[in-house]
Amino acid sequence: MSRVGIMGGTFNPIHIGHLLLAECAREELQLDEVWFIPTGVSYMKAGKNDRPDESMPSAEDRLKMTELAIRENPFFRCLDIEVRRAGATYTYETLEVLKDKYPEHSFYFICGADCLYTIDRWRCPDRIFANCTLAAAVRGDTLLSEMEDQKRRLERDFQADIAVLPFRNLELSSTEIRDRIRSGRSVRYMLSEAVQRYIEEKGFYKNDRA
Ligand code: NAP
């Protein structure tokens with residue numbers, strides 16, 4: 001039985017926060033591998049772009065950036081299953097596909113702890129929890145006690161398995177990176193060099209409107 005972390009994300013673009021979180025989960029949860037799965041048409045973002053001036057790179061380009069970002073880590077893999085799937089991306093479907101294909105693996109879905117407060121509104125949360133342990137990354141000195149009630153509620157309502165993953169507070173987001181590129185500021189060291197080069201070659205984000 002292998003222990004596999006699932007790092008799902010829009011990755012628009014993928015940055016060192018995502019990579020550090022995956023590496024931290026691998027170490028803390030003794031995972032054999034972490035599989036990065038860029039979203040195809042994101043459920044939250046499909047048809048609901050609240051900033052229509054922003055151009056989102058295609059799923060293929062976000063997949064390429066993810067492949068470039070992880071290529072030097074032998075424990076990381078990138079899967080294209082959501083990019084290849086037609087229609088909106090739902091996590092429960094992805095986990096069911098994976099569980100069907102790899103019944104011997106146990107899966108850990110890695111996400112920021114805020115998802116403890118939203119996941120019950122994702123599509124079919126019961127089917128998410130049936131197929132993975134949720135690895136919720138708690139950043140910096142956020143009090144675990146503040147989240148205990150919500151964690152217990154999910155455990156009770158969905159028979160959820162939830163692992164709390166202490167993580168550093170790394171103030172970095174894809175939104176900040178896009179804003180910096182748009183306004184001509186440096187993003188060096190915030191992303192892998194290969195991803196930065198790819199973004200420059202393709203001209204992503206620099207023409208987004210403020
Ligand atoms: P994202 O913005 O690319 O982020 C990916 C993950 O990295 C998130 O869990 C995010 O947590 C975390 N992260 C980003 N920056 C970080 C930092 N500096 N430090 C620590 N953690 C950081 O992707 P997303 O759009 O949130 O999507 C995440 C996954 O949830 C995807 O697989 C998506 O399909 C899934 N999802 C599914 C549904 C559904 O099935 N209905 C709905 C929503 C999301 P934070 O968000 O806390 O920053």
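Just the heavy atoms: all of them, side chains too, but no hydrogens, waters or symmetry mates, feed the values below. Only a predicted model underlies this, so the values are computations on that prediction, with no experimental measurement involved. The first residue of the sequence shown is numbered 1, and numbering continues consecutively from there. All ligand and atom numbering here is 1-based and tracks the order in the structure.
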Item to check | Heteroatom proximity flag, Thr10 to ligand 1, N/O under 3.5 Å | outcome: yes
Next on the checklist: Considering both backbone and side-chain atoms of Ile128, is one of its nitrogen or oxygen atoms within less than 3.5 Å of a nitrogen or oxygen in ligand 1?
Outcome noted: no
Go through ligand 1 atom by atom and flag the ones less than 4.0 Å from a non-hydrogen atom of [X].
X: Gly112; result: 9 (O), 11 (O), 47 (O)
X: Gly9; result: 3 (O), 5 (C), 23 (O), 27 (O), 28 (C), 31 (C), 32 (O)
X: Arg123; result: 41 (N)
X: Phe11; result: 3 (O)
X: Leu172; result: 15 (N), 17 (C), 18 (N)
X: Cys111; result: 9 (O)
X: Phe167; result: 19 (N), 20 (C)
X: Thr39; result: 31 (C), 33 (C), 34 (O)

Is [X] salt-bridged to [Y], going by a charged N under 4.0 Å from an acidic O?
X: Lys64; Y: Asp61; answer: no
X: Glu96; Y: Lys99; answer: no
X: Arg197; Y: Glu201; answer: no
X: Glu148; Y: Arg152; answer: yes

Item to check | Heavy-atom donor-acceptor pair, Glu82 side chain to Thr89 backbone, under 3.5 Å | outcome: no
Checklist outcome for this item: Separation between CZ (Arg180) and CZ (Arg188), nearest 0.5 Å, reads 13.5 Å
Checklist entry - Quick one: which of Arg168, His18, His15, Met190 has a heavy atom closest to atom 7 (O) of ligand 1? => result His18
Checklist entry - Is it true that the side chains of Tyr205 and Asn12 contain a donor and an acceptor less than 3.5 Å apart? => result yes
What part of [X] sits under 4.0 Å from ligand 1 if we count only heavy atoms: the side chain, the backbone, both or neither?
X: Arg139; result: side chain
X: Thr91; result: both
X: Tyr92; result: neither

Checklist entry - Looking at Tyr92, is Arg127 sitting on its ring face, NZ or CZ under 6.0 Å from the six-membered ring centre and within 45 degrees of the normal? => result no
Checklist entry - Within a radius of less than 6.0 Å around CD of Glu155, do more than 12 heavy atoms belonging to other residues, nucleotides or ligands occur? => result yes
Checklist entry - Would a hydrophobic clustering, with Ile, Leu, Val, Met, Phe, Trp and Tyr connected at side-chain separations under 4.5 Å, put Met7 with Tyr102? => result no
Item to check | Heavy-atom gap Phe109 to ligand 1 smaller than 4.0 Å | outcome: yes
